[in-house]
Amino acid sequence: KYDLKDKVIFIFGGNLGFAQDIDNLLRLVSSFKNSEKIHFLFIGEGTEYKRIDLWIKENDIGSNLTLLPAVSNKEYQSILQECDVGIISLRKDFKTDNFPNKILNYMEYKLPILASINPGNEIKEFINKHGNGLVSDNGEDEMLLNHAKELLENELRRKEMGEKGYSMLEETFNVKSAANQIVKTKN
């Protein structure tokens, strides 16, 4: 539908609001303005949706970024099957941990995670421990860019990270594992 067959698709799905630091995402997209290999797909709703739409038009970035309104869960799941990398972005001045649910969706579809998060967030340890993506602190634009380039250029690394995330999801978040945690907590 969007002629993205030969591109590496980086998806950001969910809320497009203050907490996600949309400027962080737009700086990343700008860095790849002239790349023919990559495409960013933002799907969702929120306070920043119209601003992103305007930014795309003002910066003539339409060939590298598609912005879609929220879709049904079924459609979102089918879109995830066609993507290559899942993006997480959290505002750098947050003082608390925030573990976006989209991480689990990305892992379910074997997508490596490209994360730019607030310093001290437990997501950094989670991703580094499990090897299911690359993470930097929000504001470390050069590191985020290098991580994106690595995921763009190295298909084998993307697949390995995606598999690690999926395996960890199956081992940790399945029903049996959850039941065992509940039983341990009761005793």
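When atom types are taken as modelled, the side chain of Asn64 and the backbone of Ser35 share a donor-acceptor pair closer than 3.5 angstrom. The backbone N or O of Arg157 lies less than 3.5 Å from a partner atom in the side chain of Asn154, making a donor-acceptor pair. Distance alone, capped at 3.5 Å, places no donor-acceptor pair between the Glu163 side chain and the Glu160 backbone. No donor-acceptor pair closer than 3.5 Å links the side chain of His39 to the backbone N or O of Val8. Remark: side-chain polar atoms of Arg158 are paired, donor with acceptor, to backbone N or O of Leu152 under 3.5 angstrom. Put simply, the side chain of Ser167 never gets that close to the backbone of Lys164: no donor and acceptor are under 3.5 Å apart.
Proximity of Phe32 to Lys149: side-chain heavy atoms (C-beta onward) are separated by under 4.5 Å at one or more points. Here the side chains of Thr66 and Ile56 are not in contact, with every heavy-atom distance at 4.5 Å or above. Within the 4.5 Å cutoff, no side-chain heavy atoms of Phe42 are placed close to those of Ile11. When side chains are defined from C-beta on, Glu108 does not count as touching Leu80, because their heavy atoms never get closer than 4.5 Å. With contacts defined as side-chain heavy-atom distances shorter than 4.5 Å, the pair Asn132/Tyr106 does not qualify. Between Trp55 and Ser30, some side-chain heavy-atom pair lies under the 4.5 Å cut-off. Using a 4.5 Å heavy-atom cutoff, the side chains of Leu134 and Ile113 are not in contact. Residues Ile79 and Leu41 are in side-chain contact: their nearest non-hydrogen atoms beyond the backbone lie under 4.5 Å apart.
Residues Asn118 and Lys92 approach most closely at CB-O, 3.7 Å, considering heavy atoms. The minimum heavy-atom distance linking Ala115 with Leu144 is given by the pair O-CD1, 4.4 Å. Considering every non-hydrogen atom in both Ser136 and Met143, the closest pair reads CB-SD, 3.5 Å. In terms of heavy atoms, Phe12 sits closest to Ile87 at CD1-O, 3.3 Å. Nearest heavy-atom pair across Asp84 and Pro112 is O-CD, 3.0 Å. Scanning both residues, Ile9 and Cys83, for their nearest heavy atoms gives CG2-SG, 3.7 Å.
Annotation: the span from Leu114 atom CG to Met161 atom CE amounts to 10.0 Å, rounded to 0.5 Å. With values rounded to the nearest 0.5 angstrom, Lys7 atom NZ is found 16.0 Å from Glu82 atom CD. With rounding to the nearest 0.5 angstrom, the CG atom of Leu25 is 7.5 Å from the CD1 atom of Ile52. Distance check, rounded to the nearest 0.5 Å: CG of Leu26 to CG of Leu65 gives 7.5 Å. With values rounded to the nearest 0.5 angstrom, Gln20 atom CD is found 11.5 Å from Asn138 atom CG. How far NZ of Lys74 is from CD of Gln77: 11.5 Å, rounded to the nearest 0.5 Å.
Salt bridge annotation for Asp23-Arg27: absent, with no cationic side-chain nitrogen under 4.0 angstrom from a carboxylate oxygen.
Looking at Ile22, Ile43, Thr47, Asp53 one by one, the single match for side chain to side chain contact (heavy atoms under 4.5 Å, CB included) with Leu16 turns out to be Ile22.
Hydrophobic clustering (ILVMFWY, side-chain heavy atoms < 4.5 Å, transitive): Leu104 and Tyr76 are in one cluster.
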Quiz prompt | Steps toward side chain to side chain contact (heavy atoms under 4.5 Å, CB included) verdict (Glu48, Phe18) | solution = CA-CA 7 Å; Glu48 301 295 297; Phe18 177 79; 5.6 Å; no
Exercise. Could you give me the CA-CA distance, side-chain angles and deciding distance for Glu45 and Asn15, then say whether side-chain hydrogen bond (donor to acceptor under 3.5 Å, both in side chains) is met?
Key: CA-CA 6 Å; Glu45 293 179 351; Asn15 188 39; over 6 Å; no
Practice problem: Take Glu140 and Asp137 through the side chain to side chain contact (heavy atoms under 4.5 Å, CB included) test and state the conclusion after the steps. | Solution: CA-CA 6 Å; Glu140 296 177 334; Asp137 289 340; 3.7 Å; yes
Quiz item: Does the side chain to side chain contact (heavy atoms under 4.5 Å, CB included) test come out yes or no for Ile88 and Ile117, once each step is laid out?
Solution: CA-CA 7 Å; Ile88 302 292; Ile117 58 172; 4.1 Å; yes
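Counting heavy atoms of neighbouring residues, nucleotides and ligands inside a 6.0 Å radius, atom NZ of Lys159 does not exceed 12 of them. No more than 12 heavy-atom neighbours from other residues, nucleotides or ligands sit within 6.0 angstrom of OH on Tyr166.
Ring pair Phe10/Phe40 is tilted by interplanar angle, where 30° to 60° counts as tilted.
A donor and an acceptor atom, one from each side chain of Glu150 and Asn146, are nowhere located under 3.5 Å apart. When only modelled atom types and interatomic distance are considered, Asp21 and Ser89 share no side-chain donor-acceptor pair under 3.5 Å.
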